[in-house]
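Data first, discussion second: the structure below is written as structure tokens.
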Protein chains: 4
Amino acid sequence: MGSTRRATEVDPDAAARAVRVEQRSRQLLDAAARLMEREGSQAVSMQAVADEAGVSVGLIYRYFGGKDELLLAVIVDVLDTFASRIPAALEAAEADPVHRLAAAFRAYCEVIDEHRHAAVLTYRESKSLGVEGREKIKDLEIKTSEPLRTLLRQGIDAGTVVDVDVDLVAYNMLLLAHGWALKHWHFERSLGLDQYVREQTALILRGLVEPRRSRDYRSLLDPVAPEF
Amino acid sequence: MGSTRRATEVDPDAAARAVRVEQRSRQLLDAAARLMEREGSQAVSMQAVADEAGVSVGLIYRYFGGKDELLLAVIVDVLDTFASRIPAALEAAEADPVHRLAAAFRAYCEVIDEHRHAAVLTYRESKSLGVEGREKIKDLEIKTSEPLRTLLRQGIDAGTVVDVDVDLVAYNMLLLAHGWALKHWHFERSLGLDQYVREQTALILRGLVEPRRSRDYRSLLDPVAPEF
Amino acid sequence: MGSTRRATEVDPDAAARAVRVEQRSRQLLDAAARLMEREGSQAVSMQAVADEAGVSVGLIYRYFGGKDELLLAVIVDVLDTFASRIPAALEAAEADPVHRLAAAFRAYCEVIDEHRHAAVLTYRESKSLGVEGREKIKDLEIKTSEPLRTLLRQGIDAGTVVDVDVDLVAYNMLLLAHGWALKHWHFERSLGLDQYVREQTALILRGLVEPRRSRDYRSLLDPVAPEF
Amino acid sequence: MGSTRRATEVDPDAAARAVRVEQRSRQLLDAAARLMEREGSQAVSMQAVADEAGVSVGLIYRYFGGKDELLLAVIVDVLDTFASRIPAALEAAEADPVHRLAAAFRAYCEVIDEHRHAAVLTYRESKSLGVEGREKIKDLEIKTSEPLRTLLRQGIDAGTVVDVDVDLVAYNMLLLAHGWALKHWHFERSLGLDQYVREQTALILRGLVEPRRSRDYRSLLDPVAPEF
DNA sequence: TATGAATGAGCCTTCATTCAT
DNA sequence: AATGAATGAAGGCTCATTCAT
């Protein structure tokens, strides 16, 4: 079966197959993520994912090695969404690093709000993730938070941001964004996402912005901290 | 039934029994926590807890209603440790609210370091915790973070801390402390606990301390941010 | 998903699946019943049923919701056997209601003899049966005993049966048939099934048949009560 | 230890001990029976019996070999109640065998109504009863039903009862009495105990009483079958 | 005698994984 | 490529029974 072309050419069969594999993976990943958000990660059994995707259990195993691999893929998928959404948000924002920082944080929080349960999965036992998965996630987080670090450095260079530990601040912003998912049941009645983002932004910026430049960013914090 | 003492005394049998119940509960709670730290919470089966504690499965059910209840008790136990350790740490610290805030944060981080996995348990699916458990945890967290809120308010009143949303800042400090557990595998090679505490403290204080009072707290941040 | 035939035809896949489901259910039901007859209902664990049927435990749960449901299904199955065997026995019998009554009673006893332990299951704690199951059994028993009631009424109308409480007599005949199973260990050494049926038939008819018509049914009672 | 008297005298210690054993057994038996009637035989665990009796689990094992033995003892106890209640009921009844038969049947039904669940236990798996227990029960049932057989024979001799298989009729009357317990959930809404007894008595007597003597017993059947 | 803490075999059930079709 | 029936290990839990006190 299949074609027997020269190796220098791209095998069109292989290409078509790759496309189908891609589509199926997408379908399964989306189903798993949807299920997870809708029913909580407790309800994610292979059968449930299959049902949600409208395929058979067996098929999942043709695309993912097993449950752990599937779950890891879902996490990676979410982190990929981060990696693509943040830059998009930055383009829409003003050129100023601090404004962009705020936009990036908001984008983080919004993606997390959409993938609350999947985001929390990142904190799963490293055992079930495996060394490989752990490394992959670490890399992705670093890569995804790269824009933050870049912006922080730009701000510091521009003199609008005080001289902080760029790595740690980036990490903290991530954690605070995740905080929305982690402590969601803590806040769900008292705080909306928008309010959460605004207040956290105010707090973060207060620690970052050079005191003598702070009045430049008042608009960013309205209406939460107009007195800033 | 046992002895027949004067009614004015507390039944010594009941008292002795209460002590034994307390000891057994401790033993089981510790075993569960130990197992969790060592093998990860995935490995926590009732049989495993029993083995770790050196007792039989059945016995656990005399002290805890079931697995969920046991796990909830482990969480509550950790939160209780918080609630008792933080005040102790505060007494040892200087009277100044900002110094105390830093001491409290360090104490938080240290307890979490000792109960890394149990601390993370707080973020379990609320479903498996049950409404009751969820409420209990929420209450305990609020109660445990109360010292932070008090200190923040004192600082604000004293004019050493800027006017922030006390609730959110307290929550953030908690989250940052938890961050040590949550992202431990992220930092384990690059950062020690002490370093983590110092750097985070510096960042937090930078956002809290009134700029014109900042030089009063330089010592707190050395050697991490001597330039502060 | 399978073939794409004309919509007017029944989906052959679904049909085939239904057949297989039916076969498996049969197999499991029979295994459970067999096990019950051989080892007593105490020995009926899911594992034992699986072993007896030559399948795995898990499979049972694809066909029955749980142990209670399986047991209920066994009971219902036996009652269904009743419901189908009795009419068959009646067709083979003479047209006369009293003759048919005797034939029905014999048929009852024979089915019960074949499902001795399962028949007794009907008397299980109603709790473990559940409200639903209880109602189902009640309905089936009423439905199954309907032929008896009909025959009794016909006999009364024809003047060959005295005017009795049709419901209670039908219930008694059922109970007496069950008696063969219930008190089997009482009789097993002294009485055979055939003998049991004959003697009980004689007793029942003596209480039912109009005295002046009794000689018409002498043949029914031979050789047990030739003097009747 | 204890006393060292001559063997010809009854050891008073032993006697006292026997009394205590008897009392304890009573206490436990009653507790078990009470529990069974109140909660159904499903709820009869050793712990529950101990609680109901106000003693510890361990103590039960000093008086009964185990659960099966305890349950057997409860059954035997109930059958003993039969054996003592029936004669008492007969003494209160008229001298006529048929009247006494009716009185005996009523007494049976009443005792069974009081020990519904225990009565049904008789039909427990022979396996869990053991050969010994089975024999004991068989003997007790035969002994207990002896009055019935005697009365039937007297009736036959007196010419008021037709010539029936005395053993089987006695057995049937027992079964019909048990029927009240066995099918209780069938009748509980439609029939009271008294009604059940009356109707069954009417049916039984119709099959037993010599047709030409039937009018002598009309009063027995009122108001159920006044036309008899 | 009496207690009740402790045991552990055994039960029901779930679910990731495999494999014949 | 796709299905889904079948597997069986593993988990949570119960409860009859024992034994040190």
Side-chain angles (χ1 to χ4, degrees), chain A residues 1 17 20-21 24 42-51 53-71, chain B residues 1-2 13 16-17 20-21 23-24 42-51 53-70, chain C residues 1-2 13 16-17 20-21 23-24 42-51 53-70, chain D residues 17 20-21 24 43-51 53-71:
Chain A
M1 56 210 66
R17 200 181 315 131
R20 275 219 311 284
V21 166
R24 274 281 194 233
Q42 278 216 322
V44 178
S45 67
M46 294 303 262
Q47 185 61 62
V49 172
D51 290 349
V55 299
S56 66
V57 236
L59 193 61
I60 305 181
Y61 287 84
R62 291 192 77 81
Y63 294 89
F64 298 96
K67 191 177 184 181
D68 288 344
E69 195 173 299
L70 174 64
L71 252 33
Chain B
M1 327 248 138
D13 275 19
R17 190 162 48 245
R20 274 219 314 283
V21 166
Q23 285 176 336
R24 272 279 192 241
Q42 283 226 319
V44 180
S45 69
M46 294 305 262
Q47 186 60 61
V49 173
D51 291 348
V55 300
S56 65
V57 227
L59 192 62
I60 305 181
Y61 289 85
R62 284 187 75 84
Y63 295 89
F64 298 96
K67 190 179 184 180
D68 288 347
E69 196 175 295
L70 174 63
Chain C
M1 306 190 171
D13 276 20
R17 190 160 49 243
R20 275 219 313 284
V21 165
Q23 285 176 336
R24 272 279 192 240
Q42 284 225 318
V44 179
S45 69
M46 294 306 261
Q47 187 60 63
V49 172
D51 290 349
V55 300
S56 65
V57 230
L59 191 62
I60 305 181
Y61 289 84
R62 283 188 76 84
Y63 295 89
F64 298 95
K67 190 180 185 181
D68 288 348
E69 197 175 294
L70 175 63
Chain D
R17 200 179 316 132
R20 274 219 313 283
V21 166
R24 274 281 194 231
V44 179
S45 67
M46 295 303 263
Q47 186 60 61
V49 172
D51 290 350
V55 300
S56 66
V57 235
L59 193 61
I60 305 182
Y61 287 85
R62 290 194 77 81
Y63 294 89
F64 299 95
K67 190 179 186 181
D68 288 344
E69 195 174 297
L70 174 63
L71 252 33

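Not measured: the values here are computed from a predicted model. Side-chain atoms are counted along with the backbone in the values below, which use heavy atoms only and exclude waters and symmetry mates. Residue numbers start from 1 in every chain, and the chains themselves are labelled A, B, ... in the order their sequence lines are given, proteins ahead of strands.
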Quick one: on DNA chain F, does B:Ala43 or C:Arg20 contact a more 5' nucleotide (nearest heavy atom)?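 The residue closer to the strand's 5' end, by nearest nucleotide, is C:Arg20.
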
Rounding to an integer number of Å, can you tell me how far [X] [atom1] sits from [N] [atom2]?
{"X": "B:Tyr63", "N": "E:dA6", "atom1": "OH", "atom2": "C1'", "value": "8 Å"}
{"X": "B:Asp51", "N": "E:dG8", "atom1": "CG", "atom2": "P", "value": "11 Å"}
{"X": "B:Arg24", "N": "E:dG4", "atom1": "CZ", "atom2": "P", "value": "16 Å"}
{"X": "B:Ile60", "N": "E:dA6", "atom1": "CD1", "atom2": "P", "value": "12 Å"}
{"X": "D:Leu70", "N": "F:dC15", "atom1": "CG", "atom2": "P", "value": "16 Å"}
{"X": "D:Arg62", "N": "E:dG4", "atom1": "CZ", "atom2": "C1'", "value": "15 Å"}

Could you check if a side-chain atom of D:Leu71 sits within less than 4.5 angstrom of a side-chain atom of D:Val44, using non-hydrogen atoms only?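 Yes, their side chains come closer than 4.5 Å.
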
What residues, two or more places apart in sequence or in another chain, satisfy side-chain contact (heavy atoms from CB on, under 4.5 Å) together with D:Ala48?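 Result, side-chain contact (heavy atoms from CB on, under 4.5 Å) vs D:Ala48: D:Leu35, D:Ser45.
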
Just to verify, what does A:Phe64 make a side-chain contact (heavy atoms from CB on, under 4.5 Å) with, not counting sequence neighbours?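 By the side-chain contact (heavy atoms from CB on, under 4.5 Å) rule, A:Phe64 matches A:Ser25, A:Leu28, A:Leu29, A:Ile60, A:Glu69, A:Leu70, A:Ala73.
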
Under 4.0 Å protein heavy-atom contact, by nucleotide of nucleotides 12-21 of chain E - B base, S sugar-phosphate only: SBBBSBB---

Counting Watson-Crick and G-U wobble pairs whose two distances are both under 3.5 Å, find the runs of 3 or more in a row that involve DNA chain E.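 DNA chain E stems, ordered by first number: E:2-21 with F:2-21.
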
For F:dG4 and A:Ser56 - does any side-chain N or O of the residue sit under 4.0 Å from the phosphate oxygens OP1/OP2?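 No, outside the criterion.
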
Residues two or more places apart in sequence or in another chain: which of them pass side chain to side chain donor-acceptor pair (under 3.5 Å) with D:Arg24?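 By the side chain to side chain donor-acceptor pair (under 3.5 Å) rule, D:Arg24 matches D:Gln27.
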
Once side chain to side chain donor-acceptor pair (under 3.5 Å) is applied, do any residues pair with A:Gln47, and if so which ones, sequence neighbours excluded?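 Counting only residues at least two positions away or on another chain, A:Gln47 forms a side chain to side chain donor-acceptor pair (under 3.5 Å) with A:Asp51.
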
Distance, nearest 0.5 Å, that separates CZ of B:Arg20 from CD of B:Gln23: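 Rounded to the nearest 0.5 Å, the CZ-CD separation comes out at 8.5 Å.
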
Mind listing the closest non-hydrogen atom pair of C:Ser56 and C:Ala50 along with its distance?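 Heavy-atom minimum between the residues: C-CB, 3.7 Å.
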
